[in-house]
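Below is one structure, written out as structure tokens, with a few remarks after it.
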Number of protein chains: 2
Amino acid sequence: MARTTIKDIARECGVSLSTVSLVLNNNPRISESTREKVLSSVRKHEYQPNTFARSLASQSSRSLSVIVPHLNHVFADTYFGEIVSGIYEHATSLGYKVMLEMANRHFIQTHEYLNLLKTKRVDGLLILGSSVHDEYLKDLAASNYPYVLVNHYFPGRSMNYISADYITSARLAANHLLDHGHRHIGMLSGTTTNTALDFRDHFTKACMEGGVAKENLYWSDGWFTEQGGFEGAQWLLDRYPEMTAIMAGNDKMAIGAMRHIARRGLKVPHDISVIGMDDVAAAEFANPSLTTIRHDLYQIGAKSVEALLVLFRKEAELVQQTLPVELVVRESTGPVRTAS
Amino acid sequence: MARTTIKDIARECGVSLSTVSLVLNNNPRISESTREKVLSSVRKHEYQPNTFARSLASQSSRSLSVIVPHLNHVFADTYFGEIVSGIYEHATSLGYKVMLEMANRHFIQTHEYLNLLKTKRVDGLLILGSSVHDEYLKDLAASNYPYVLVNHYFPGRSMNYISADYITSARLAANHLLDHGHRHIGMLSGTTTNTALDFRDHFTKACMEGGVAKENLYWSDGWFTEQGGFEGAQWLLDRYPEMTAIMAGNDKMAIGAMRHIARRGLKVPHDISVIGMDDVAAAEFANPSLTTIRHDLYQIGAKSVEALLVLFRKEAELVQQTLPVELVVRESTGPVRTAS
DNA sequence: AGCGCAAGTTAAAACGCTTGACCCTCGGGG
DNA sequence: CCCCGAGGGTCAAGCGTTTTAACTTGCGCT
């Protein structure tokens, strides 16, 4: 039952503890012959160093924390799921462990996010789904510990981030709808993230440049969920029957909106065009399949890990990167309906 | 920069290290006055014990590992996501940390799953998405370490598990379709899990008891994904045009199947009824909304944590539990089409 | 006065590893 | 022939806790 420790290996090989440890850490001071002897004994016993002892002694854990927002069933959200997948797969391939944390009140009030770093329990933080109200992020920015905001940012503050290009997204979406002749457009989104706010501003701007009157742009605030999209679409359609297109802040909202439109007995895209954002797997299999702006969330996750490594290695003080996006045209958008 | 340790607290309070440690672990041997003194100092310094040191010394980590299968983008799968959410939220509310592991080749070949337990890096394992081919599970069953199979089982082997009731699910689904007059039914599922196999057997049995000829039951094997459902539906419809209903092994397959049916120019449920399983959020927002067998995945996750605790406390040798299911009727199923 | 005992506290040995300082041995240069 | 330095190893002091056995008191008995 007693686990084999570094001591057992040392005894078997007739060397000291230190030697074994040095071999395990690829220290070049050990001769090739000793190294081989130790390694073969390690293999023979399937020896695995004790992580706790290692971390305690070395004051570093070779692991990182993913901070997800405090939402119910948050791991069931494909948006976060895609990003976490990208993070997890990339980080583990680089030998980093991934820990999960949820940014609930306790986590924030006890400064757990700083404690994780101070106690060296993790080497860095990857923060998902932060909102404009997350004041605690200021402490992080000031702290000099490695962290990256994932698919979010704060204009004007110098914080590390990796994000999709929401500004180009806005232009692509707007132009696509304009090209189809839409001049009465609803927007369905939240106001809790800077990305959504940036998106709205640039979408509005692009629409107006394309000849849409400001009063023909309709806005509905809501949760980034199917339910939020459903209710938002209802609200907009009740008020603005002249509306011919809906731009949703993400694919889930778009799918919720389409559901409501179907319920109402209207057809997408014949009566109303719908465009989403992200291009999660569900977009392709929606009925009708969803036109959307593709954000490579998996890639965003992977790049965030990369950014963290840059910070670990002190190759940069600040990492800010915007990733390209792409319009994916499917069935849910089409020419504006003939005036009825 | 130097973190405050137990030593600092001890010095400040004029007591020994042991006393502080005992206070922190709620040992009743310490007097109320000393306890208060220590605790107030702890609060003052926002002292947090070092997890590594604690785990190393106590040989227990108050944490558990979730093992997910080695699939691409696995965290973006709402099936796993729901379960992980249930696990995470329940475990953290009980003071347990949750670690993520992926059952890839390295993980299995190096016996990492056993090492995690041997080195006490985690106290128990929660295994998701295991398949009939996962031979390594035998080692676990033999090992006497705490683990629970989540929503899977091996008939005949005495392994711990928590699972939805796939047998009742099968009867509910079959009877629902039979009630609507369906007598030519396709099944879309995988063959890699015992739950799916059990489901198939009992679905078949129920259908035959309901008067469906065996040769009018069609089977298509495939991945548990939208794409798998899409292709499976195509395969079935190409071969069996007389088919009027499709039972899918999960909601994602059902949604993929509906997508294919729409592509083919057919209507759900007018031409083909479709029923899914799980009742993930997407089921309600599909077009048409999906009739399905509800498995409370979140609850399954939470119960699995509960089961692990029972094993920790040695209150039972073996934990096997089957959770109730429910038919949720929505729009995707209806009476059989009139013969054409 | 002496004893036993309970309650409260502490000393010290782990836990398994890392790491900087130190030590030995040899070969070569002065 | 001695000294020096490089290469290869080892020593031992941590890292920050837990935990067991042992040590004080003070008190009530006899």
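Proteins come first, then strands; the chains are lettered A, B, ... in the order of their sequence lines, and each starts at number 1. Side chains are part of it too, since the values below use all heavy atoms of this structure and drop only hydrogens, waters and symmetry mates. Note that the structure is a prediction, hence the values are computed from the model and not measured.
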query = Going by distance alone, is a donor N or O of one side chain under 3.5 Å from an acceptor N or O of the other, for A/His106 and A/Glu112?
reply = no
query = Taking atom types as modelled, is there a side-chain donor on A/Asn151 or A/Tyr79 under 3.5 Å from an acceptor on the other?
reply = yes
Without decimals, in angstroms, what is the distance between [X] [atom1] and [N] [atom2]?
{"X": "B/Arg121", "N": "C/dC17", "atom1": "CZ", "atom2": "P", "result": "11 Å"}
{"X": "A/Ile6", "N": "D/dG14", "atom1": "CD1", "atom2": "P", "result": "19 Å"}
{"X": "B/Lys7", "N": "D/dG16", "atom1": "NZ", "atom2": "P", "result": "8 Å"}
{"X": "A/Arg62", "N": "C/dC17", "atom1": "CZ", "atom2": "P", "result": "18 Å"}
{"X": "A/Asn50", "N": "C/dG16", "atom1": "CG", "atom2": "C1'", "result": "6 Å"}
{"X": "A/Asn26", "N": "C/dT18", "atom1": "CG", "atom2": "C1'", "result": "14 Å"}
{"X": "A/Lys120", "N": "C/dT18", "atom1": "NZ", "atom2": "P", "result": "17 Å"}
{"X": "A/Arg54", "N": "C/dT19", "atom1": "CZ", "atom2": "C1'", "result": "13 Å"}

key: Pairwise salt bridge (Lys or Arg N to Asp or Glu O under 4.0 Å) hits with a residue in residues 67-82 of chain A, at least two apart   = A/Asp77-A/Lys252
Within 6.0 Å of CZ in A/Arg105, more than 12 heavy atoms from elsewhere = no
request  = Let me know which of B/Val20, B/Leu39, B/Thr19, B/Leu22 forms a side-chain contact (heavy atoms from CB on, under 4.5 Å) with B/Thr34.
outcome  = B/Thr19
Under-4.0 Å side-chain N/O to phosphate OP1/OP2 contact, [X] with [N]:
{"X": "B/Tyr47", "N": "D/dT17", "answer": "yes"}
{"X": "A/Asn25", "N": "C/dT18", "answer": "yes"}
{"X": "B/Ser21", "N": "D/dT18", "answer": "yes"}

task = Could you walk me through whether A/Phe75 and B/Tyr88 pass the ring pair (Phe, Tyr, Trp, His ring centres under 6.0 Å) test, one step at a time?
result = CA-CA 9 Å; A/Phe75 299 110; B/Tyr88 188 93; 5.3 Å; yes
query = Parallel, tilted or perpendicular: which fits the ring planes of A/Tyr113 and A/His111, with parallel below 30° and perpendicular above 60°?
reply = tilted
Are there any protein N/O atoms within less than 3.5 Å of an N/O atom in nucleotides 4-11 of chain C, and if so, which ones and at what distance?
| unit_1 | atom_1 | unit_2 | atom_2 | d |
| --- | --- | --- | --- | --- |
| C/dT9 | OP1 | B/Thr34 | OG1 | 2.9 |
| C/dT9 | OP2 | B/Ser31 | N | 3.1 |
| C/dT9 | OP2 | B/Ser31 | OG | 3.1 |
| C/dT9 | OP2 | B/Thr34 | OG1 | 3.1 |
| C/dT9 | O4 | B/Arg29 | NH1 | 2.5 |
| C/dT10 | OP2 | B/Ser16 | N | 3.0 |
| C/dT10 | OP2 | B/Ser16 | OG | 3.3 |
| C/dT10 | OP2 | B/Thr19 | OG1 | 2.5 |
| C/dA11 | N7 | B/Ser18 | OG | 3.0 |
| C/dA11 | N6 | B/Ser18 | OG | 2.9 |

request  = Report the C-alpha separation of B/His73 and A/Tyr298 in whole Å, then their side-chain angles, then the decisive distance to 0.1 Å, and conclude whether the ring pair (Phe, Tyr, Trp, His ring centres under 6.0 Å) test is met.
outcome  = CA-CA 8 Å; B/His73 302 229; A/Tyr298 184 90; 4.1 Å; yes
query = Do B/His152 and B/Thr195 pass the side-chain hydrogen bond (donor to acceptor under 3.5 Å, both in side chains) test, and can you show the C-alpha distance, the side-chain angles, and the key distance before you say yes or no?
reply = CA-CA 6 Å; B/His152 194 219; B/Thr195 47; 4.9 Å; no
query = Angle, rounded to 10°, between the helical axes spanning five pairs at each terminus of the helix from C/dA1-D/dT30 to C/dG30-D/dC1?
reply = 70°
ask   = Closest to the A/Gln59 side chain: D/dT18, D/dC15, C/dC17?
value = D/dC15
inquiry  = Students often get this wrong, so: under 4.0 angstrom with heavy atoms, is A/Asn27 touching a base, only sugar-phosphate, or nothing?
reply    = nothing
